[in-house]
Participant: 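Have a look at the structure that comes next, please.
Each chain gets a letter, A, B and so on, in the order the sequences are listed, and its residues count up from 1.
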Amino acid sequence: MNERRKPYPFDRLEPKWQTIWDETRAFHAPNPREESFDPSKPKFYVLDMFPYPSGAGLHVGHPEGYTATDIVARYKRLRGFNVLHPMGWDAFGLPAEQYAIKTGQHPEITTRDNIAKFKTQLKRIGFSYDWEREINTTDPAYYKWTQWIFLQIYNSWFNPETKRAEPISSYRGDDPDNIRLAYVAEVAVNWCPELGTVLANEEVIDGKSEVGGFPVVRRPMRQWMLRITAFADRLLDGLDDLDWPLSLKALQRNWIGRSEGAEIEFQIDGTSDSIRVFTTRHDTIYGANYMVLAPEHPLVDRLATEDRRAEVAKYREQVAAKSDLERTDLAKDKTGVFIGACAINPVNQEKIPIWIADYVLMGYGTGAVMGVPGHDERDLEFARKFNLTVLPVVQAPGKPPEESIGFLEDGVAINSPIINGLATPEAKKKILAWLEEHGVGRADVRYKLRDWLFSRQRYWGEPFPIVWEDGKHSALKETELPLEPPPLEDFKPTGTGEPPLAKAKDWIRYSDTATRETNTMPQWAGSCWYYLRFCDPGNDKRFVGEEPERYWMGADNDEARMTNDEGMTKHEAVAGSSFVIRHSSLRANPGGVDLYIGGVEHAVLHLLYARFWHKVLFDLGYLSKPEPFQRLVNQGMILGEDNRKMSKRWGNVIDPLDVIEIYGADAFRCYEMFMGPLEQMKPWSMKGVEGVSRFLARVWRLMMTENQAGEWELSTALQDAEPTKAQQKITHATIKKVTDDIEALAFNTAISQMMIFVNAFTNSEVVPVSAMRTFLVLLNPFAPHITSELWQQLKSPGEITQQSWPAYDEAVLVEDEVEIVLQVNGKVRDRITMPLDSTSEQLEAAARANEKVRNAVGSQTIRKVVVVPNKLVNIVAA
RNA sequence: GCCGAUGUGGCGAAAUGGCAGACGCAACGGACUUAAAAUCCGUUGGGCUUAACCGCCCGUGCCGGUUCGAGUCCGGCCAUCGGCACCA
C-alpha cells in the first residue's frame with residue numbers, strides 16, 4: 001500500500017520551523033531591564049487557561065482556545081507589541097494521586113511524564129509560547145509562593161470600615177484568629193467518602209463530586225476556610241467593568257447571590273431568647289403567622305418543649321440521615337414538626353408557633369424564616385400541609401384580597417395596619433424604619449456564596465505552612481518555605497477524614513510541642529495566581545517582581561491606582577456621583593491580562609477564586625490592578641462527528657495528533673478556527689479538515705510547482721509584476737477583512753476571506769510576488785509553518801515572524817461603479833450599475849426608467865421613493 | 001421555577017435595518033487520465049411556468065408589531081442546550 005501522498009510537504013517543513021523557532025528564541029518576550037527589551041513597544045498579555053496534564057494527553061478541545069490565543073499573539077507581535085504568551089501546568093490534583101494509589105507510582109513521576117507528553121504535543125501544533133516562562137504548580141520553587149500567598153491571606157483581615165484586606169496588625173480586637181481571612185472552623189462540610197476528602201461547594205454538582213461523580217454527604221468537620229464572603233460585594237461590583245461574556249457574569253452573580261432585605265428579631269414567648277430571621281419581604285410581616293427553623297438550628301434544643309422533644313429529636317435524626325441529594329430530591333413534599341415554643345411577631349405581638357423543617361437551610365440567612373404562607377410558595381405549601389392559616393397581606397393588581405394568595409410580586413399592602421395601601425417598595429421602607437425605631441430589625445444583605453472550604457485530605461497538594469501548638473495555629477516563617485510534603489509510600493486516604501500526611505510521623509513533628517498541619521490545599525490554589533508568576537517566573541525573592549508585574553499586569557500610571565474599585569461598594573457609591581467618574585475611568589484604562597480564553601466550566605471555580613486572591617493581594621499593595629482578567633472569552637465545546645459530547649463511551653474522540661499526522665498542524669489549526677464562531681459549540685468533521693487542508697495546498701501550489709523529479713520548486717507564474725487593479729483590490733479587501741476579524745476574534749470569516757483571495761489568484765498566469773508576500777503575512781498567525789516556508793522560498797527579506805502587519809489603503813477599495821438594487825415596495829426587482837456617488841436624482845430617475853420596475857409598479861401610483869446613495873432605490877407604490 | 005444562550009439549505013455556517021445562504025463540506029455534471037486518485041471548471045434553498053431562454057411565487061422556529069424595507073429592532077409564544085435550584 002502506497003503512503004498517502006501529501007498535498008504539500010507539511011511533514012518536513014512543520015518540524016523544521018518548530019526547531020528554528022526554538023533555537024532562535026523567536027517568541028521570547030523580554031521583561032523590562034532585559035537586554036532585548038524595547039520600551040517603545042506596547043505590551044499585550046494573552047493567556048490560556050493552563051491545562052491539568054492528564055495521562056490521556058491533549059484532546060481537540062484544548063487546542064481550540066490555544067489556537068485562538070496563538071493567532072492573537074502572533075498577530076499582535078506583527079503589529080509591534082511585546083507579547084506575553086506563556087504556558088504552564090496546573091499539576092496538583094486527584095488523577096495523579098489516584099493513579100499513584102492504584103499503581104504505587106509516585107505522583108511526581110506521573111506528573112513529570114504527563115507534562116513531557118503534553119509539551120511535546122503542544123509544540124507539534126506550533127504554538128508560539130515563550131517556553132522560557134513555563135511554570136509548574138507542583139514545583140517547590142512555584143508552590144513556595146503559593147504557600148507564601150496563603151500566609152498573606154492568613155495574616156490579613158477584612159476591615160469592614162475600609163472594606164479592604166489589611167494586615168492583621170491593624171486589627172485592634174482581642175481575638176485575631178476570629179477575623180483572619182484564612183481561618184479554621186467547624187462547619188458542615190461536603191465530605192466525599194469515595195475520594196476520602198472534603199470538597200468546596202463549587203466542586204459539588206447535584207450532590208456528587210465534580211471529579212468522579214461520587215456521592216457527597218454533609219458532615220461537621222474542622223477545616224480551613226478562606227473568607228471569600230467578605231469580598232462578595234467587590235467581586236460582584238468588579239464584574240461591571242470587565243469585558244466578559246454576559247452569561248459568565250450572570251453565572252458569577254448568581255453564584256454570589258446577593259439579596260437585600262431585613263434581619264428581624266422575634267422574641268420567644270415566655271423566655272428571654274430571641275430568634276433572628278432574614279427576609280427580603282419584610283413588607284409581608286403581618287402575614288407571618290408561624291416561624292420555621294432549620295433542623296440544625298442551635299436554639300432548637302433549648303426551645304423545644306418537654307412534650308415535643310421526642311418528636312423533634314426523631315425529625316432531626318431523619319434529616320441528618322439524608323444526603324444532600326435526597327434532601328433536595330424530596331423537595332416536593334414538605335415535612336416538619338412543631339417544637340412547642342412560640343415566637344412573638346414584633347409588629348402585632350401575635351404568638352406564632354415555631355416549627356423545624358428541612359426546607360429551611362442552616363447555611364443561608366440566619367437559618368430561620370418567618371412563615372408567610374400568603375406570599376411565599378414554599379410557606380404556602382407548608383401551611384397547607386399542616387393546616388396553618390393563610391392571610392393575604394399583599395393585594396395583586398386588579399384582584400380581590402382572597403385571590404391574592406400566592407401572589408409573589410410587588411403589589412399593595414393590605415391587612416397590615418402600619419403600611420396598608422402602600423406599594424411594596426414603600427411598604428418595605430416604612431416597615432424597616434418602624435423595626436429600626438423599635439430596635440427589632442435592620443436592613444441586611446445576604447449572599448448565597450459561602451466561605452471557601454480550603455483544606456483537603458490529600459497527599460498531592462501544597463502542604464499548609466502552619467504549625468499547631470496547644471490547640472492554636474501559627475504561621476511558618478517565610479524562610480521555612482517552601483514546605484515540601486513528606487515522602488510517602490502509601491498515598492491512600494485514611495477514610496476517617498484524617499489526611500494521608502498524618503502518616504508521616506517524623507514530618508509532622510515540628511518541635512517537642514508543635515506539630516504540622518496535615519491538610520493540603522485544593523487544586524485551585526496554584527491556579528489562583530499563576531498568571532502573575534508568568535510575568536516573572538524565575539524570581540526567587542518575590543512571588544512576582546514589582547516592575548514586571550507593573551509592566552505586564554497593566555498599570556504604570558497613577559490613574560489606575562486612583563481609580564481602583566475599592567473603598568466603597570458600588571451599591572453605596574451609586575447614590576453619589578463618584579461612581580460615575582470611577583466607572584468611566586476604569587473603562588478608559590483597562591489592564592491586567594488583556595485577553596484570557598478558556599472554558600466556561602471554571603466560571604464559579606477558578607475565575608472566582610483567582611479574582612478573590614487577586615483582590616487580597618491588591619489590597620495588601622502587591623498588585624497594580626484590582627482585577628486580573630480584563631477580557632475573557634469562553635471557547636465553545638467541540639463535539640464528536642455524531643454531535644455528541646466526545647467520550648470514550650461513544651467512541652467519537654478525536655486525537656489531535658492523529659489529525660496532524662494526516663493533514664499537518666497548520667490544517668488542524670485552521671480547521672479548528674474555520675469550524676464556526678469561537679464561542680459556539682460545534683461538531684467535528686474530518687471532511688471539514690480535508691477542505692481546509694485543500695485550501696492550504698492551493699496556497700502552496702500558488703507559489704510552488706512539482707517538477708518531473710517530483711520536487712517542489714518555485715512556480716514560474718510568480719513574477720515581480722505589478723498586481724492588476726483587481727488583484728490589488730482583493731489584496732486590500734483581504735487585509736481589511738482579516739485585520740478586523742482577528743480583532744473581533746472572528747477567525748472563521750477571516751479564513752473565508754483568505755480562501756476568496758486564493759480562489760481569485762488560482763489559475764492566474766501571473767502571480768505577483770508582492771501580493772503573495774502580503775498574503776503570507778496575513779495567513780501567518782493561522783498557519784505559521786507553511787507561511788514561514790513559503791516566505792523563505794520566495795527569498796523574502798528576514799523572517800516572516802519579524803515583518804510588520806500590512807496596512808490597507810481605503811482608496812484602493814473604492815469602486816468607480818456600484819451596483820444599485822432596485823426595489824418596489826421592498827422587493828428586489830432589478831440590479832443596475834451606476835457611477836459611484838450618483839446623485840439621488842440620478843438614481844431615482846434610473847429606477848423610474850427601469851423596465852422591470854415599471855412592470856412591477858404597473859398602474860399603481862408612486863407614493864414615495866427611498867434612495868440610499870450607492871446602495872439602493874426603493875419605490876413605494878400603491 | 002429562576003437566570004443565560006441558541007433556533008437560517010442535505011451539513012458546518014455568512015450577512016453596519018438594505019441583493020438571505022459568502023466561505024467550506026456533501027452531491028451532481030464536465031475537463032485531464034488507459035483508468036482511478038489528485039487537480040481544475042461548472043451546477044446546487046424550495047416551488048410554479050417554459051421546448052428553451054425568460055418570467056413569477058415562497059423561504060431565516062411560530063404569532064403579532066415598528067419601518068419604504070426585518071434573519072437583524074420591539075412584544076408574546078414554542079423548542080433545544082447550559083447553569084442554579086426549598087437561597088427565605
Side-chain angles (χ1 to χ4, degrees), chain A residues 2 4-5 7 205-206 245-251 253-255 257-259 261 277-282 284 292 294 327-328 330-334 357-361 363-372 375-379 381-382 408 446-450 600-601 603-604 636-637 641 643 671 674-677 679-692 694-695 697-698 701 746 748-756 758-759 762-763 819-831 852 855-856 863-868 871-878:
Chain A
N2 287 341
R4 194 193 140 87
R5 200 177 158 284
I205 295 162
D206 293 334
L246 290 177
S247 57
L248 196 112
K249 289 188 184 186
L251 284 180
R253 288 200 180 101
N254 227 322
W255 189 259
R258 184 182 205 272
S259 29
V277 301
F278 174 71
T279 177
T280 55
R281 289 302 299 269
H282 29 293
T284 64
V292 188
R327 197 163 155 170
T328 48
L330 303 169
K332 286 155 217 130
D333 205 21
K334 292 279 178 289
D358 67 356
Y359 82 91
V360 174
L361 310 172
Y364 184 77
T366 59
V369 302
M370 58 182 203
V372 185
H375 305 283
D376 182 284
E377 268 179 301
R378 297 148 303 179
D379 294 345
E381 224 180 293
F382 188 79
L408 310 174
R446 294 283 172 162
Y447 305 89
K448 286 202 280 187
L449 183 69
R450 303 269 69 91
V600 72
E601 67 273 14
V604 295
M637 203 197 310
E641 299 225 32
N643 250 302
Y671 172 65
F674 185 64
M675 292 171 82
E679 296 92 332
Q680 194 173 299
M681 191 189 287
K682 43 212 177 276
W684 186 266
S685 156
M686 267 318 174
K687 289 288 188 187
V689 188
E690 213 165 304
V692 173
R694 276 203 278 269
F695 158 66
R698 277 210 302 282
R701 289 194 312 270
N748 54 333
T749 48
I751 293 172
S752 296
Q753 180 63 34
M754 291 189 278
M755 287 172 168
I756 292 169
V758 170
N759 292 347
T762 301
N763 295 335
E819 193 180 69
I820 303 294
V821 171
L822 303 182
Q823 296 182 339
V824 175
N825 292 331
K827 278 186 183 163
V828 180
R829 293 299 165 177
D830 204 2
R831 297 167 188 120
K852 288 181 187 167
N855 283 344
R863 306 275 179 203
K864 189 175 173 182
V865 179
V866 180
V867 180
V868 182
K871 260 203 183 126
L872 92 163
V873 179
N874 185 17
I875 292 179
V876 185

Participant: Report which part of the nucleic acid Q680(A) touches: base, sugar-phosphate, or nothing (heavy-atom distance under 4.0 Å, all strands).
Facilitator: sugar-phosphate

Participant: With heavy atoms under 4.0 Å as the rule, sort T366(A) into base, sugar-phosphate or nothing.
Facilitator: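 Touches nothing.
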
Participant: When you measure only distances, ignoring hydrogens and angles, does the side chain of K448(A) come within 3.5 Å of the base of rC84(B) through a donor and an acceptor?
Facilitator: no

Participant: Which value, rounded to the nearest 0.5 Å, describes the distance between T284(A) atom OG1 and M370(A) atom CE?
Facilitator: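 One finds 4.0 Å between OG1 of T284(A) and CE of M370(A).
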
Participant: Quick one: the side chain of K871(A) and the base of rU16(B), do they pair up donor-acceptor inside 3.5 Å?
Facilitator: yes

Participant: Quick one: label V876(A) by what it contacts on the DNA or RNA (base, sugar-phosphate, nothing), any heavy atom closer than 4.0 Å.
Facilitator: sugar-phosphate

Participant: Could you tell me whether a side-chain N or O of R829(A) sits under 3.5 Å from a main-chain N or O of K852(A), the two making a donor and an acceptor?
Facilitator: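 No: the side chain of R829(A) does not pair with the backbone of K852(A).
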
Participant: Using purine N1 to pyrimidine N3 plus N6-O4 or O6-N4 for Watson-Crick, or N1-O2 and O6-N3 for G-U wobble, both under 3.5 Å, which nucleotide pairs with rA13(B)?
Facilitator: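 Its partner: none found.
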
Participant: Hunt down the Watson-Crick or G-U wobble partner of rU6(B), both distances under 3.5 Å, from any strand shown, or write none.
Facilitator: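 In the structure as shown, rU6(B) has rA79(B) as its Watson-Crick or wobble partner.
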
Participant: Hey, is the side chain of Q823(A) pairing donor to acceptor with the base of rC19(B) inside 3.5 Å?
Facilitator: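 Answer is no: no donor-acceptor pair is held.
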
Participant: Let me know, please, whether V868(A) or I875(A) comes out on the 5' side of the other along RNA chain B by nearest nucleotide.
Facilitator: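 Closest to the 5' end, via its nearest nucleotide, is V868(A).
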
Participant: Check the orientation of W684(A) and Y671(A). Use parallel for under 30°, tilted for 30 to 60°, and perpendicular for over 60°.
Facilitator: perpendicular

Participant: Could you tell me whether the side chain of E377(A) has a donor or acceptor atom within less than 3.5 Å of a complementary atom in the base of rG1(B)?
Facilitator: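 Looking at the base of rG1(B), it does not pair with any donor or acceptor on the side chain of E377(A) (distance under 3.5 Å).
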
Participant: Nearest nucleotide by nearest heavy atom, which residue falls closer to the 5' end of RNA chain B, A250(A) or M681(A)?
Facilitator: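 Nearer the 5' end of the strand: A250(A).
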
